[in-house]
Amino acid sequence: MAPVPPPPPRPAALPPGRVRVDCHLHTADSGDARTTIDELAARVAEVGLDVVCVTEHNQISGALKAIERDIGARVVVGEEVRTASGEIIGLFLTERIPYVLPVPEVIARIRAQEGVVYAPHPYDPERSGLGRRLDELCAAGDVDVIEAFNAKNPHDEHNRMAAETARRFGLPAAAGSDAHDPPGIGAAYLEMPDFDGPKEFLAALHDARVVGEYRPHAPRFGSRS
């Protein structure tokens with residue numbers, strides 16, 4: 001059994017009005033992850049996160065449980081939705097989105113909830129991102145945020161490609177650990193101005209700093225997104 005890595009040193013306090021946000025992580029409710037809500041709470045305290053976007057595969061129950069548990073950080077309700085064209089994350093959701101829908105319908109349902117359309121790991125060839133359709137969707141104004149640093153990308157070129165696409169289209173870039181186990185939580189996050197709701201979140205992203213490192217999936221969970 002591989003040794004569990006120790007937690008990283010807790011980062012120094014941020015200036016007033018700024019927060020640390022992990023924009024993409026999973027709990028056991030995703031089916032391919034093992035983090036319990038109690039473990040999420042413990043890890044949030046260890047690594048000093050202020051906000052976590054809980055983005056389960058194709059459902060939102062984990063985020064709702066984290067809110068009910070009061071994990072010590074604000075929780076943004078998210079969902080990583082599988083489509084035939086790649087995965088899309090909706091943030092600030094109030095209702096689950098089915099995973100059998102085409103991309104335009106998923107985007108429409110996110111927007112109907114006043115949510116944020118977030119493109120995770122778009123160019124990682126080992127996972128299902130929107131890479132082939134990303135330019136088209138960005139040009140149409142259908143993407144709000146591009147994940148420019150995903151801690152599970154083994155090749156930094158794929159993160160750089162995502163960051164460049166965000167620059168080309170003038171879109172904000174985000175970062176997420178994509179954690180499926182407790183040690184992965186906080187491997188990547190943003191330091192950004194505090195926000196209240198999706199509109200302030202999008203505005204604050206333009207003054208965000210990416211902090212992150214590559215941290216592979218726990219072996220038992222393979223390379224799923």
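Just the heavy atoms: all of them, side chains too, but no hydrogens, waters or symmetry mates, feed the values below.
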(request) State the CG-CG distance between Asp22 and Asp50, to the nearest 0.5 angstrom. (result)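 Atom-to-atom, Asp22:CG and Asp50:CG are 11.5 Å apart.
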(message) Quick check for you: to the nearest 0.5 Å, what is the distance between Leu91 atom CG and Cys53 atom SG?
(response) 5.0 Å
(message) For His158 and His121, I'd like to know if the aromatic rings sit close, meaning centre-to-centre distance below 6.0 Å.
(response)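 Here the rings of His121 and His158 have centres that are no less than 6.0 Å from each other.
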For a quick test of reading the model, state the closest non-hydrogen atom pair linking [X] to [Y] and the distance between them.
{"X": "Ser30", "Y": "Ala33", "answer": "CB-CB, 4.4 Å"}
{"X": "Arg209", "Y": "Arg18", "answer": "N-NH2, 4.3 Å"}
{"X": "Ile60", "Y": "Gly78", "answer": "CG2-O, 3.6 Å"}
{"X": "Ala73", "Y": "Val44", "answer": "CB-CG1, 3.6 Å"}

(request) Can you label the angle between the Phe201 ring and the Phe195 ring as parallel, tilted or perpendicular, going by 30° and 60°? (result) perpendicular
Is any side-chain heavy atom of [X] closer than 4.5 Å to a side-chain heavy atom of [Y]?
{"X": "Glu87", "Y": "Leu130", "answer": "no"}
{"X": "Val52", "Y": "Ile71", "answer": "yes"}
{"X": "Tyr189", "Y": "Cys23", "answer": "no"}
{"X": "Val103", "Y": "Val106", "answer": "no"}
{"X": "Leu190", "Y": "Leu205", "answer": "yes"}
{"X": "Arg20", "Y": "Val51", "answer": "no"}
{"X": "Asp144", "Y": "Leu202", "answer": "yes"}
{"X": "Met192", "Y": "His206", "answer": "no"}

(message) The test is salt bridge (Lys or Arg N to Asp or Glu O under 4.0 Å); show your working for Arg109 and Glu105 and say whether it passes.
(response) CA-CA 6 Å; Arg109 290 191 180 220; Glu105 178 68 13; 3.0 Å; yes
(message) Check whether Phe149 forms a cation-pi arrangement with Arg160 (NZ or CZ under 6.0 Å from the six-membered ring centre, at most 45° off the ring normal).
(response) no
(message) Checking Leu25 against Asp178 for the side chain to side chain contact (heavy atoms under 4.5 Å, CB included) test, could you report, in this order, the C-alpha distance in whole Å, the side-chain angles of both residues, the deciding distance, and whether it holds?
(response) CA-CA 4 Å; Leu25 62 83; Asp178 200 356; over 6 Å; no
Are any side-chain N or O atoms of [X] and backbone N or O atoms of [Y], one a donor and one an acceptor, separated by less than 3.5 Å?
{"X": "Arg82", "Y": "Val100", "result": "no"}
{"X": "Glu56", "Y": "Thr27", "result": "yes"}
{"X": "Arg215", "Y": "Gly186", "result": "no"}
{"X": "Arg133", "Y": "Ser85", "result": "no"}
{"X": "His26", "Y": "Asp32", "result": "no"}
{"X": "Thr83", "Y": "Pro102", "result": "no"}
{"X": "Arg34", "Y": "Asp181", "result": "no"}
{"X": "Glu39", "Y": "Thr36", "result": "yes"}
{"X": "Glu147", "Y": "Ala174", "result": "no"}

Over 12 foreign heavy atoms within 6.0 Å of [atom1], [X]:
{"X": "Arg168", "atom1": "CZ", "result": "yes"}
{"X": "Phe92", "atom1": "CZ", "result": "yes"}
{"X": "Glu114", "atom1": "CD", "result": "no"}
{"X": "Glu68", "atom1": "CD", "result": "no"}

(message) Taking Val117 as the starting point, is it possible to reach Leu93 by hopping between hydrophobic residues whose side chains are less than 4.5 Å apart?
(response) yes
(request) State plainly whether one hydrophobic cluster holds both Ile67 and Leu40, where clusters connect Ile, Leu, Val, Met, Phe, Trp and Tyr through side-chain heavy atoms under 4.5 angstrom apart. (result) yes
(message) Between Asn58 and Arg96, is the side chain to side chain donor-acceptor pair (under 3.5 Å) condition met? List the steps.
(response) CA-CA 7 Å; Asn58 307 311; Arg96 175 184 175 271; over 6 Å; no
In terms of side-chain geometry, is the basic nitrogen of [X] or [Y] positioned less than 4.0 Å from the acidic oxygen of its partner?
{"X": "Lys65", "Y": "Asp29", "answer": "yes"}
{"X": "Arg74", "Y": "Asp194", "answer": "yes"}
{"X": "Asp124", "Y": "Lys152", "answer": "no"}

(request) Could you work out the complete set of other residues in the hydrophobic cluster of Leu14, with links drawn between I, L, V, M, F, W and Y side chains under 4.5 Å apart? (result)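 Listed partners: none, Leu14 stands alone.
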(message) Could you walk me through whether Thr165 and Tyr123 satisfy the side chain to side chain donor-acceptor pair (under 3.5 Å) test, starting with their C-alpha distance in whole Å, then the side-chain angles of each, then the deciding distance to 0.1 Å, before giving a yes or no?
(response) CA-CA 10 Å; Thr165 299; Tyr123 299 112; 2.7 Å; yes
(message) Checking Ile146 against Val143 for the side chain to side chain contact (heavy atoms under 4.5 Å, CB included) test, could you report, in this order, the C-alpha distance in whole Å, the side-chain angles of both residues, the deciding distance, and whether it holds?
(response) CA-CA 7 Å; Ile146 295 176; Val143 174; 4.1 Å; yes
(request) Give the intermediate values and the outcome of side chain to side chain donor-acceptor pair (under 3.5 Å) for residues Gln113 and Thr94. (result) CA-CA 7 Å; Gln113 300 180 48; Thr94 56; 3.3 Å; yes
(request) Check side chain to side chain donor-acceptor pair (under 3.5 Å) between Glu79 and all other residues, then give those that pass, not counting sequence neighbours. (result) none
